[in-house]
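Presented below is the structure to which this report refers.
Naming: A, B, ... by sequence-line order, numbering from 1 per chain.
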Protein chains: 2
Amino acid sequence: MAIPGARASYRHGDLRDALVQVGLELARAGGPDAVVLRQATREAGVSPNAAYRHFADRNALLQAVSDAALGLAADRMEAEIAAAPVADDPATRARERLRAVGAGYIHFAREEPGLFRTAFSVPDNLQNQASATKAGRGGQTPFELVGAALDALVAADVLPRSRRQNAEFLAWSAVHGLGMLVIDGPLRGLTDQMVDDATARLLDMVDRGL
Amino acid sequence: MAIPGARASYRHGDLRDALVQVGLELARAGGPDAVVLRQATREAGVSPNAAYRHFADRNALLQAVSDAALGLAADRMEAEIAAAPVADDPATRARERLRAVGAGYIHFAREEPGLFRTAFSVPDNLQNQASATKAGRGGQTPFELVGAALDALVAADVLPRSRRQNAEFLAWSAVHGLGMLVIDGPLRGLTDQMVDDATARLLDMVDRGL
DNA sequence: GGGAAGATGTTTACACTGTCCACAATCGCA
DNA sequence: TGCGATTGTGGACAGTGTAAACATCTTCCC
């Protein structure tokens with residue numbers, strides 16, 4: 001990347017997207033703090049100020065990178081769902097699905113800690129959680145994936161409808177916490193074995209306690 | 001604070017501690033990124049490089065501030081334990097205690113989001129979780145407080161001994177995740193009522209699913 | 001007591017960051 | 001063809017972390 005004179009024309013083409021892609025690489029390698037505007041423009045082969053034609057400030061760039069990272073998380077979760085065992089019993093199937101959603105989330109955190117941290121480095125709110133900018137290739141955001149899995153649990157009569165409302169918060173909190181603690185919190189340094197074990201038990205806890 | 005010529009002597013007295021205290025205030029107001037070395041020295045009435053006599057670099061200062069913040073979290077948790085209802089039944093008492101530990105943790109996150117984020121802004125590992133630098137006035141770190149509460153659950157025959165090992169990870173993950181999501185994650189903007197509700201349900205989940 | 005050695009603060013300097021402003025090249029359309 | 005809007009460039013500035021050399025204070029030993 002970053003071939004110095006690679007740009008034939010004065011115009012870049014799609015600088016905005018290029019900056020987000022470069023930002024994603026920076027974030028992957030070093031987390032949110034590594035998303036430095038000047039570095040991104042440098043790698044995009046453009047002057048620092050060019051970025052300001054597409055983003056209000058560094059924070060806006062980080063926001064865009066963060067959204068893209070969440071989309072990648074969604075991809076990882078969908079992959080895990082696709083790989084989940086398909087039980088005959090609809091109830092078990094629904095439970096396996098929620099499990100896969102959670103496992104995918106934690107796997108993403110462990111495989112791409114920089115992106116995971118970046119995804120949550122910028123304040124956000126619930127209203128934006130269905131925004132297409134945060135969606136994966138399947139068109140759904142992580143939040144929507146959890147929601148759908150919970151709906152399936154209700155449909156399969158595993159989760160009483162009375163407990164459905166805002167159940168996302170609980171499931172999400174559990175996996176988010178483990179992900180955070182494991183990648184750069186006090187739980188880093190655990191062996192893979194220990195993390196796998198903790199993940200399984202955590203998902204049991206959610207399954208049992210939701 | 002930061003009286004310009006307030007220092008009578010050439011020596012400061014206890015600059016290291018002063019920097020940590022100032023850092024704590026900066027973190028309280030603006031999270032980890034607000035802990036800027038030059039600003040801290042400025043408020044301590046000292047030249048920027050004076051800090052380097054006490055900390056290897058900015059990160060070492062942040063580390064110290066982060067530890068102090070964790071100590072404050074421990075204080076908050078102990079306060080919640082002290083305020084917990086004391087049931088006659090030892091089993092209920094033990095369960096109330098774990099609940100208080102979790103509730104204190106989340107309350108701290110909500111009351112001091114800047115400090116909470118700072119406490120987890122620097123990578124750490126499990127071996128350090130009992131370090132005295134992270135302890136509160138009661139002498140125990142948050143990790144030790146959870147551990148003690150879990151031990152009490154085993155002693156009261158609520159939690160089978162076979163599930164005791166590393167149970168900290170599960171309980172901690174749940175409350176940590178909710179804390180994070182609520183203060184600057186996608187769950188911010190929820191009404192206090194909603195957060196209280198989510199907290200109660202989350203603690204139920206842990207109680208039921210551990 | 002008198003100095004030397006070490007600890008602690010200061011000054012100067014540098015590279016790097018985000019961002020503002022004025023200017024230039026290019027594109028799209030009348 | 002020309003002209004306005006978009007997009008990119010160059011130069012500048014304040015603020016940051018940190019290195020190196022220098023100054024001052026404390027301590028402690030002869």
Taking 4.0 Å as the cut-off, does a side-chain nitrogen or oxygen of His54(A) come that near to OP1 or OP2 on dG8(D)?
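Answer yes for this pair, as a side-chain N or O of His54(A) is under 4.0 Å from OP1 or OP2.
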To the nearest Å, give me how far apart [atom1] ([X]) and [atom2] ([N]) are.
X        : N       : atom1 : atom2 : answer
Leu61(A) : dG18(C) : CG    : P     : 9 Å
Asp14(A) : dT6(D)  : CG    : P     : 17 Å
Leu15(A) : dT26(C) : CG    : C1'   : 15 Å

Derivation and outcome, salt bridge (charged side-chain N to carboxylate O under 4.0 Å, His left out), residues Glu25(B) and Arg28(B):
CA-CA 5 Å; Glu25(B) 288 316 305; Arg28(B) 190 194 305 275; 3.2 Å; yes
With a 4.5 Å heavy-atom cut-off, do Leu70(B) and Phe120(B) have their side chains touching?
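With C-beta onward as the side chain, the pair touches.
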Tabulate below the donor-acceptor pairs under 3.5 Å that side-chain atoms of residues 190-197 of chain B make, not counting sequence neighbours, or state none.
{"from": "Thr191(B)", "atom 1": "OG1", "to": "Met194(B)", "atom 2": "N", "distance (Å)": "3.1"}
{"from": "Asp196(B)", "atom 1": "OD1", "to": "Arg110(B)", "atom 2": "NH1", "distance (Å)": "2.8"}

Going by atom type alone, with no hydrogens or angles, which donor-acceptor pairs under 3.5 Å involve a side-chain atom of residues 55-64 of chain A and a protein atom two or more places apart or on another chain?
{"from": "Asp57(A)", "atom 1": "OD1", "to": "Asn59(A)", "atom 2": "N", "distance (Å)": "3.2"}
{"from": "Asp57(A)", "atom 1": "OD1", "to": "Ala60(A)", "atom 2": "N", "distance (Å)": "3.0"}
{"from": "Arg58(A)", "atom 1": "NE", "to": "Val35(A)", "atom 2": "O", "distance (Å)": "3.0"}
{"from": "Arg58(A)", "atom 1": "NH2", "to": "Pro32(A)", "atom 2": "O", "distance (Å)": "3.1"}
{"from": "Arg58(A)", "atom 1": "NH2", "to": "Val35(A)", "atom 2": "O", "distance (Å)": "3.1"}

Parallel, tilted or perpendicular: which fits the ring planes of Phe116(B) and Tyr105(B), with parallel below 30° and perpendicular above 60°?
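Aromatic pair Phe116(B)/Tyr105(B) classed perpendicular.
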Below 3.5 Å between N/O atoms, which protein atoms pair up with nucleotides 15-22 of chain D? Just atom names and distances, please.
{"from": "dT16(D)", "atom 1": "OP2", "to": "Arg42(B)", "atom 2": "NH2", "distance (Å)": "2.8"}
{"from": "dG17(D)", "atom 1": "OP1", "to": "Leu37(B)", "atom 2": "N", "distance (Å)": "2.9"}
{"from": "dG17(D)", "atom 1": "OP2", "to": "Arg38(B)", "atom 2": "N", "distance (Å)": "3.0"}
{"from": "dG17(D)", "atom 1": "N7", "to": "Arg38(B)", "atom 2": "NH1", "distance (Å)": "2.6"}
{"from": "dG17(D)", "atom 1": "O6", "to": "Arg38(B)", "atom 2": "NH1", "distance (Å)": "3.0"}
{"from": "dT18(D)", "atom 1": "OP2", "to": "Tyr52(B)", "atom 2": "OH", "distance (Å)": "3.0"}
{"from": "dT18(D)", "atom 1": "OP2", "to": "Arg58(B)", "atom 2": "N", "distance (Å)": "2.7"}
{"from": "dT18(D)", "atom 1": "O5'", "to": "Tyr52(B)", "atom 2": "OH", "distance (Å)": "3.1"}
{"from": "dT18(D)", "atom 1": "O4", "to": "Arg38(B)", "atom 2": "NH1", "distance (Å)": "3.0"}
{"from": "dA19(D)", "atom 1": "N6", "to": "Asn49(B)", "atom 2": "OD1", "distance (Å)": "3.4"}
{"from": "dA19(D)", "atom 1": "N6", "to": "Asn49(B)", "atom 2": "ND2", "distance (Å)": "2.1"}
{"from": "dA20(D)", "atom 1": "N6", "to": "Asn49(B)", "atom 2": "ND2", "distance (Å)": "2.8"}

Is the closest side-chain donor-acceptor distance between Gln39(A) and Glu43(A) under 3.5 Å?
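A pair is found: one side chain offers a donor N or O, the other an acceptor, under 3.5 Å apart.
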